[in-house]
Amino acid sequence: SQQGEEDPQALSIQEGENATMNCSYKTSINNLQWYRQNSGRGLVHLILIRSNEREKHSGRLRVTLDTSKKSSSLLITASRAADTASYFCATDRNTDKLIFGTGTRLQVFP
Amino acid sequence: KAGVTQTPRYLIKTRGQQVTLSCSPISGHRSVSWYQQTPGQGLQFLFEYFSETQRNKGNFPGRFSGRQFSNSRSEMNVSTLELGDSALYLCASSWGLAGAVEQFFGPGTRLTVL
């Protein structure tokens, strides 16, 4: 069963614009991770944020976590065509397995 | 460091047959997790092994099984294949438990059941 659901399911933007994806989950978590999947590089880890953290940055990526709302968001700033991919959030409850969300398909047009 | 490798990359089987997929984790990683990815169900957790012990299992029938060897390499087996088992099977490794640290994924094995 899916623990997380991403919103929107699909997103199309122009290069240079920002892209925001949201993830909602159902039960309390220890950690939340974001992954990217494209046909060229497979599934790649982006960021891990722990339940006691509220925000984390990595390059053009910014992740926020609101445990009271059971939600997280991934912001990609100044998008590039190479950011075209599916983005998944993944949550754990007992640090021993990851449950993936349904994913957001991002298309960045040159 | 070499990445996670999975063999074979593509596999075609018929209903009723069985299949074994192999995963070699990154050197030093002790955790190996398996996932099934389909267009309808998305990424579904199958099981995780840590130091040769199965720590967790997803909601899959007993036809799905796995094991981990002392060198951390892992295999998963699917017996009595059904059409619905057609999927991309992904293996991931990490130095710690799956939920707590970054997972490194292999390219996957694409299984087609005819």
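If you're wondering where the values come from, they're calculated on a predicted model, not measured in any experiment. In what follows, every chain begins at residue 1, and chains take the letters A, B, ... in the order their sequences are listed.
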Residues, nucleotides or ligands: over 12 heavy atoms within 6.0 Å of A:E15 CD: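 Yes, enclosed.
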B:R15 atom CZ: more than 12 heavy-atom contacts under 6.0 Å: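 Not more than 12 within 6.0 Å, no.
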Top of A:R50, A:H45, A:Q37 for chain B proximity - count of heavy-atom pairs under 4.5 angstrom: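 The option with the most such pairs is A:H45.
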Proximity breakdown for B:F47 and chain A, heavy-atom pairs closer than 4.5 Å: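 Contact with chain A: none, neither part.
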Where B:F45 and A:L98 come nearest, the two heavy atoms and their spacing: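 Taking every non-hydrogen atom into account, CB-O, 3.8 Å.
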Heavy-atom pair of closest approach, residues B:Q37 and A:F88: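 Minimum heavy-atom contact is NE2-CZ, 3.9 Å.
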Report yes or no: do [X] and [Y] belong to one cluster of Ile/Leu/Val/Met/Phe/Trp/Tyr joined by side chain heavy-atom distances under 4.5 Å?
| X | Y | result |
| --- | --- | --- |
| B:L83 | B:L81 | yes |
| A:V44 | B:W34 | no |
| B:V113 | B:F64 | yes |
| B:V19 | B:L88 | no |
| B:I26 | A:Y35 | no |

Step-by-step side-chain contact (heavy atoms from CB on, under 4.5 Å) determination, A:T102 to B:L43: CA-CA 8 Å; A:T102 51; B:L43 275 156; over 6 Å; no
Pair B:Q103, A:Q33: side-chain N/O donor-acceptor within cut-off below 3.5 Å: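 The answer is no; no qualifying pair exists.
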B:F104 CZ to A:L43 CG distance, which is reported to the nearest 0.5 Å: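 These two atoms lie 12.0 Å from each other.
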Residue A:L48 versus chain B: region with a heavy atom under 4.5 Å: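 For A:L48, the side chain is the part near chain B, not the backbone.
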Side-chain heavy-atom pair B:E102, A:I47 within 4.5 angstrom cut-off: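 Result no, sub-4.5 Å side-chain heavy-atom pair not found.
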